[in-house]
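Values in this document were obtained by computation on a predicted structure and should not be read as measured data.
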Amino acid sequence: MCSRAKMMLLLGMVIGWFCTKILSCHSQNSVTGTTPVLPAGEEESIVEIRDVSPAHFFTKIESFSLFSDSGIESYECREFEAGGYNWRLIIYPNGHPSKEKKGNHVSVYLAMSETNYLPEDWELNVIFNIFLYNQILDNYLCVRDGVRRFSEAKSMWGFPKFISKKSLRDESSSYLVEDNFVVGAEVFVLKRQRVSERLTLFKPTTQKRVWKIRGFSKLDDDVWFSEEFTVSDVNWKVQVYPNGHPSVNGRYVSIFLICVSADSFAPHQKVKADFNIRLKGWPSAILDSGKISHWFTSSTRSRPLY
């Protein structure tokens, strides 16, 4: 603030832009750990024998060997829901055509279903278990990977060598009994309480504005505003109280820099301005505020000059 006088207002500003964005997040269910085993072709997989049946999906395929005889490349199981999303198992009786070209294994994959309603950049971190039922011992072979990221670019993960056809058809095998093949699935979506931020920097811009106020000592209005101006794509204006802001009881002239664009800022969006204000009297008296730095937000859109 400064004493009242005939004056010219000069404003110099350097603007830096800072913007943050909160991204949506998702939660998690935990899965108990097990001792890792290395099945054929699945070096990152974990295998265990479990008595508890699959929590989310279970299917029994009768006359399983007829898949090969009928030339059926794959079978998509019915859709099921887990973790708030829709899924389905895809079974390749002779192996996935691009992953198991020799056809010596059965491939089983988990795929997301109905992803059209998800945002363009969606992604989910998922832990899933694929089960094969032992029809003699009444337990389950459970196979899992680590955490897998499902996204628009890759919405299907699984095991190209889930089990070899040779071991499956062995007379001693208890996983294919009377040509019945039983598989299941559990899907756990990791719901993260993660806060993410995006920072965008623009090259600092220096600009000088001059506001000449004529007849300043005769002004009767309580507050005056300069014309709006733009620096680094952000809109500004200067606010002057000729008789002082009410908080100073009319003892000083009060000057504020206002960020007009802050009215439409998102909650975590802000812009930093380095500026100084000069009052030029007649003929040559100058009062300089010196450099002032301030972060402007939707809740702090103005900065007074003291």
Side-chain angles (χ1 to χ4, degrees), residues 37-83 85-116 124 126-146 148 150-151 153-188:
V37 181
L38 301 180
E42 301 298 331
E43 297 180 355
E44 298 180 5
S45 300
I46 297 173
V47 177
E48 65 175 344
I49 302 299
R50 204 176 88 173
D51 292 326
V52 180
S53 61
H56 298 132
F57 181 73
F58 187 86
T59 185
K60 179 180 180 181
I61 302 176
E62 299 176 348
S63 302
F64 182 76
S65 61
L66 292 182
F67 269 120
S68 298
D69 298 339
S70 304
I72 299 175
E73 183 178 275
S74 65
Y75 170 68
E76 294 189 6
C77 301
R78 64 173 293 180
E79 189 177 277
F80 64 95
E81 187 275 335
Y85 300 91
N86 296 323
W87 311 86
R88 66 171 76 247
L89 284 184
I90 302 179
I91 301 170
Y92 297 85
N94 297 305
H96 191 286
S98 64
K99 301 293 185 180
E100 172 47 20
K101 297 181 180 180
K102 295 181 179 180
N104 294 329
H105 292 78
V106 176
S107 303
V108 181
Y109 284 78
L110 175 71
M112 287 200 70
S113 179
E114 298 181 8
T115 60
N116 292 336
L124 298 174
V126 176
I127 295 174
F128 64 91
N129 305 326
I130 304 297
F131 296 84
L132 181 60
Y133 181 49
N134 188 318
Q135 300 171 55
I136 303 300
L137 300 179
D138 190 28
N139 58 24
Y140 297 87
L141 176 71
C142 174
V143 185
R144 78 166 65 99
D145 271 346
R148 292 301 188 186
F150 287 75
S151 66
K154 188 174 179 61
S155 60
M156 185 175 78
W157 289 90
F159 306 99
K161 297 182 179 181
F162 181 66
I163 187 169
S164 72
K165 293 167 65 176
K166 180 180 179 180
S167 62
L168 188 64
R169 291 171 176 169
D170 189 281
E171 291 183 358
S172 62
S173 171
S174 52
Y175 295 114
L176 188 66
V177 177
E178 296 181 355
D179 211 16
N180 294 325
F181 183 76
V182 183
V183 293
E186 289 178 343
V187 181
F188 301 95

Practice task
Evaluate the criterion side chain to side chain contact (heavy atoms under 4.5 Å, CB included) for residue pair R78 and F57; output intermediate values, then yes/no.
Solution key: CA-CA 9 Å; R78 64 173 293 180; F57 181 73; 3.5 Å; yes
Exercise for the section: Working to the nearest 0.5 Å, report the span between OH of Y175 and CD1 of I163. Expected result: 6.5 Å
Practice task
State, with a plain yes or no, whether a side-chain heavy atom of M112 is found less than 4.5 Å away from one of L124.
Solution key: yes
Problem - CD1-CG distance between I49 and L137, expressed to the nearest 0.5 angstrom - result: 8.5 Å
Problem - Value rounded to 0.5 Å, distance of CG in L176 from CD1 in I61 - result: 10.5 Å
Handout entry: Spacing of H105 atom NE2 and F162 atom CZ [to the nearest 0.5 Å]
Key = 11.5 Å
Handout entry: Minimum side-chain heavy-atom gap R144-E48 below 4.5 Å
Key = yes
Handout entry: Side-chain donor-acceptor contact under 3.5 Å, S174 with N134
Key = yes
Practice task
Please name all residues satisfying side-chain hydrogen bond (donor to acceptor under 3.5 Å, both in side chains) with Y133, sequence neighbours left out, ordered by chain then number.
Solution key: D138
Problem - Flag for K165-N94: side-chain donor and acceptor within less than 3.5 Å - result: yes
Exercise for the section: Compare every heavy atom of V183 with every heavy atom of I91, then report the nearest pair and how far apart it is. Expected result: CD1-CG2, 3.8 Å
Practice task
Taking the side chain as every heavy atom from C-beta outward, state whether N129 and F188 have any atom pair closer than 4.5 Å.
Solution key: yes
Practice task
Mind checking ring pair (Phe, Tyr, Trp, His ring centres under 6.0 Å) for F67 and listing every partner two or more places apart, or none if nothing turns up?
Solution key: F64
Problem - Closest heavy-atom pair and its distance - S107, P160 - result: OG-O, 2.5 Å
Problem - Nearest-0.5 Å distance, CD of residue E79 to OH of residue Y85 - result: 14.5 Å
Fill in the blank from the handout: Y109 and G158 have their tightest heavy-atom pair at CD2-N, 3.3 Å
Practice task
Measure the shortest side-chain to side-chain distance between D145 and S45 over non-hydrogen atoms and say whether it is less than 4.5 angstrom.
Solution key: yes
Problem - Inter-residue atom distance S155.OG - F150.CZ, 0.5 Å rounding - result: 8.0 Å
Completion exercise
Between H96 and S98 the two heavy atoms that sit nearest each other are CE1-OG, 2.8 Å
Practice task
Without swapping roles, check the side chain of R148 against the backbone of V126 for a donor-acceptor pair under 3.5 Å.
Solution key: no
Problem - Closest contact, heavy atoms only, A82 versus W87 - result: O-NE1, 2.9 Å
Handout entry: Sequence neighbours excluded - side chain to side chain donor-acceptor pair (under 3.5 Å) pairs with any residue from residues 49-60
Key = R50-E186
Exercise for the section: Kindly give the heavy-atom pair with the smallest separation between P93 and S74, and that separation in Å. Expected result: CD-CA, 4.2 Å
Exercise for the section: Please assess I130 against L89 for the test side chain to side chain contact (heavy atoms under 4.5 Å, CB included), listing each intermediate value before the final yes or no. Expected result: CA-CA 9 Å; I130 304 297; L89 284 184; 3.5 Å; yes
Problem - Sequence-distant partners of N139, side-chain hydrogen bond (donor to acceptor under 3.5 Å, both in side chains), two or more places apart - result: none
Fill in the blank from the handout: S151 meets the side-chain hydrogen bond (donor to acceptor under 3.5 Å, both in side chains) criterion, sequence neighbours left out, with none
Fill in the blank from the handout: With sequence neighbours left out, the residues meeting side-chain hydrogen bond (donor to acceptor under 3.5 Å, both in side chains) with S172 are D170
